[in-house]
Chemist: 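Have a look at the structure that comes next, please.
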Amino acid sequence: MNRTLEKWMPLITPTSVVLGMLLTVWLKPYTPFVPWIFAFITFAGSLSLNLKDLQRVMTHPLPIIVSLVLLHAIMPMIAWGTGHLLLPGDPQLITGLVLLLALPTGIVSFMWVSLYKGNIALTLSIILIDTLLSPFIVPGVMSLIVGANVDMDVLGMMKGLLIMVVAPSVIGMLLNQWTGGQVKTVLGPRLAPFSKIGLAVVIMINSAFVAPYFTGINLKLVWLAAVIIVVVAFGYIGGYYLTRALGWGKDLAITMTFNCGMRNISAGAVLAIAYFPPTVAMPVIIGMLFQQMMASFFGHFFLADRKKRAQHGAGQIAGGVTKHS
């Protein structure tokens with residue numbers, strides 16, 4: 001069941017958004033339950049975290065530092081600049097775009113990194129460190145970049161991140177540590193499908209809340225979606241090519257790409273709805289539509305690249321054999 005859900009995640013996410021908008025009358029009253037459902041999702045996804053991987057990776061901390069700088073300095077500034085250039089005169093949409101790119105990396109990036117044979121230990125360490133720092137980094141980045149342009153509850157945002165992200169992550173990691181990894185193998189597979197179902201429920205409820213702001217497809221909405229796709233793509237592309245420019249291996253390139261491209265976007269939607277004016281949530285909700293599809297696209301890009309390299313290498317070997325023959 002879990003493998004089936006993973007396979008269909010690129011379609012489950014946009015379907016959940018559409019269902020949420022269609023069933024807004026029935027789903028909107030359940031909005032107060034969203035932070036607790038999301039806390040369960042975070043807990044289930046954190047059962048793979050442990051201190052040993054963190055200690056091992058921290059002996060070479062440069063990839064973690066690079067990813068954090070790209071995630072929380074470069075990408076939010078790109079979002080801010082792009083927003084002012086392509087969405088002028090709309091501070092709430094610009095704020096939503098910055099929030100989308102200021103969020104911590106998504107726990108679901110672990111799934112994609114595992115699928116494409118990246119560095120799992122580094123991925124888990126980036127997720128853990130970024131998650132623990134998120135109550136301070138996200139409000140700090142938002143205050144620094146958008147400041148007084150939009151009303152926001154900074155303390156409430158910190159509290160929300162602590163409840164939804166940090167506390168369940170720490171509990172999951174400590175359980176994994178205390179049980180010697182048994183909780184990951186025993187409880188993790190049992191909770192995994194429910195966490196994905198919970199994610200679909202969270203997306204539906206959040207979409208139901210902002211549905212009044214998506215009344216009809218118009219050029220402005222299409223333009224906003226295009227801007228979001230371009231800005232989010234910078235995270236994937238930046239993570240990949242920056243890693244290659246630094247001369248790191250392919251496994252690190254894959255790891256950095258997914259960790260710098262993906263965001264804990266469901267948490268971002270909860271934050272946007274709870275602590276910002278409703279319009280701020282629009283870029284985050286639209287981002288939900290494309291996150292899994294974009295991860296799938298860049299995954300296919302890497303897979304195609306690997307096959308091309310393999311075919312090229314096989315061709316060189318064959319050519320060499322023929323030549324020597």
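Position 1 is the first residue of the sequence, and the numbers go up from there.
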Chemist: L70 and G238: which non-hydrogen atoms are nearest, and at how many Å?
Modeler: CD2-C, 3.9 Å
Chemist: Side-chain contact, heavy-atom cut-off 4.5 Å: F40 with L191?
Modeler: yes
Chemist: Do side-chain atoms of T31 reach the backbone of K28 as a donor and acceptor pair under 3.5 angstrom?
Modeler: yes
Chemist: Is the shortest side-chain heavy-atom distance between P139 and L161 below 4.5 Å?
Modeler: yes
Chemist: Answer yes or no: is there a side-chain heavy-atom contact under 4.5 Å between V113 and N259?
Modeler: yes
Chemist: When rounded to the nearest 0.5 angstrom, what is the spacing between CG in D130 and CG in L68?
Modeler: 5.5 Å
Chemist: With a 4.5 Å cut-off on side-chain heavy atoms, are M142 and T95 touching?
Modeler: yes
Chemist: Which heavy-atom pair separates G235 from M75 by the least distance, and what is that distance?
Modeler: N-CE, 3.5 Å
Chemist: Is I265 reachable from L71 through a run of hydrophobic residues whose side-chain heavy atoms are each under 4.5 Å from the next?
Modeler: no
Chemist: Heavy-atom count check: over 12 atoms from other residues, nucleotides or ligands less than 6.0 Å from Y30 OH?
Modeler: no
Chemist: Could you go through I254 and W112, starting from their C-alpha distance and side-chain angles, then the distance that decides it, and tell me whether this counts as side-chain contact (heavy atoms from CB on, under 4.5 Å)?
Modeler: CA-CA 9 Å; I254 292 171; W112 291 99; over 6 Å; no
Chemist: How long is the straight-line distance from CG of N119 back to NZ of K250, given to the nearest 0.5 Å?
Modeler: 14.5 Å
Chemist: When Ile, Leu, Val, Met, Phe, Trp and Tyr are grouped by side-chain heavy atoms lying under 4.5 Å apart, directly or through other members, which residues fall in the same group as W36?
Modeler: I163
Chemist: So how far is it from Q92 CD to I94 CD1, rounded to the nearest 0.5 Å?
Modeler: 10.5 Å
Chemist: Evaluate side-chain contact (heavy atoms from CB on, under 4.5 Å) for H60 paired with I64, printing each intermediate quantity in order.
Modeler: CA-CA 8 Å; H60 303 286; I64 296 176; over 6 Å; no
Chemist: Output, in order, the C-alpha distance, side-chain angles, deciding distance and verdict of side-chain contact (heavy atoms from CB on, under 4.5 Å) for L99 and F276.
Modeler: CA-CA 10 Å; L99 176 62; F276 291 89; 4.1 Å; yes
Chemist: Linking I/L/V/M/F/W/Y whenever their side-chain heavy atoms sit closer than 4.5 Å, directly or via other members, would V186 and V183 fall into one cluster?
Modeler: no
Chemist: Can you label the angle between the Y116 ring and the F258 ring as parallel, tilted or perpendicular, going by 30° and 60°?
Modeler: parallel
Chemist: Would you say V138 and P104 make side-chain contact, with heavy atoms under 4.5 Å?
Modeler: yes
Chemist: Check whether T185 reaches the backbone of Q182 with its side chain - one donor and one acceptor, N or O, closer than 3.5 Å.
Modeler: yes
Chemist: Please check if I145 and L85 belong to a single hydrophobic cluster, counting links between Ile, Leu, Val, Met, Phe, Trp and Tyr side chain heavy atoms closer than 4.5 Å.
Modeler: yes
Chemist: Of all the heavy-atom pairs spanning M164 and A267, show the shortest one and how long it is.
Modeler: CE-O, 4.0 Å
Chemist: Is there a donor-acceptor pair under 3.5 Å between the side chain of T24 and the backbone N or O of M21?
Modeler: no
Chemist: When rounded to the nearest 0.5 angstrom, what is the spacing between CZ in F234 and CD1 in I74?
Modeler: 12.5 Å
Chemist: State, to 0.1 Å, how close L27 and A208 come at their nearest heavy-atom pair, and which atoms those are.
Modeler: CB-CB, 3.8 Å
Chemist: Would you please test S169 and T131 for side-chain contact (heavy atoms from CB on, under 4.5 Å) and show each step?
Modeler: CA-CA 8 Å; S169 293; T131 296; 3.4 Å; yes
Chemist: Do L271 and L103 have side chains that get closer than 4.5 Å, going by heavy atoms?
Modeler: yes
Chemist: For G239 and T257, work out which heavy atoms get closest and say how close.
Modeler: C-OG1, 3.9 Å
Chemist: Look up atom CH2 in W248 and atom CG in L242, then write down how far apart they are to the nearest 0.5 Å.
Modeler: 7.0 Å
Chemist: Please tell me if the side chains of L221 and I286 come closer than 4.5 Å, counting only heavy atoms from C-beta onward.
Modeler: yes
Chemist: Are L93 and K220 close enough that some pair of their side-chain heavy atoms sits under 4.5 Å apart?
Modeler: yes
Chemist: Taking all heavy atoms of A225 and all of F290, pick out the closest pair and write down the distance.
Modeler: CB-CE1, 4.1 Å
Chemist: Atom CD1 in I78, atom CG in L97: separation rounded to 0.5 Å?
Modeler: 11.0 Å
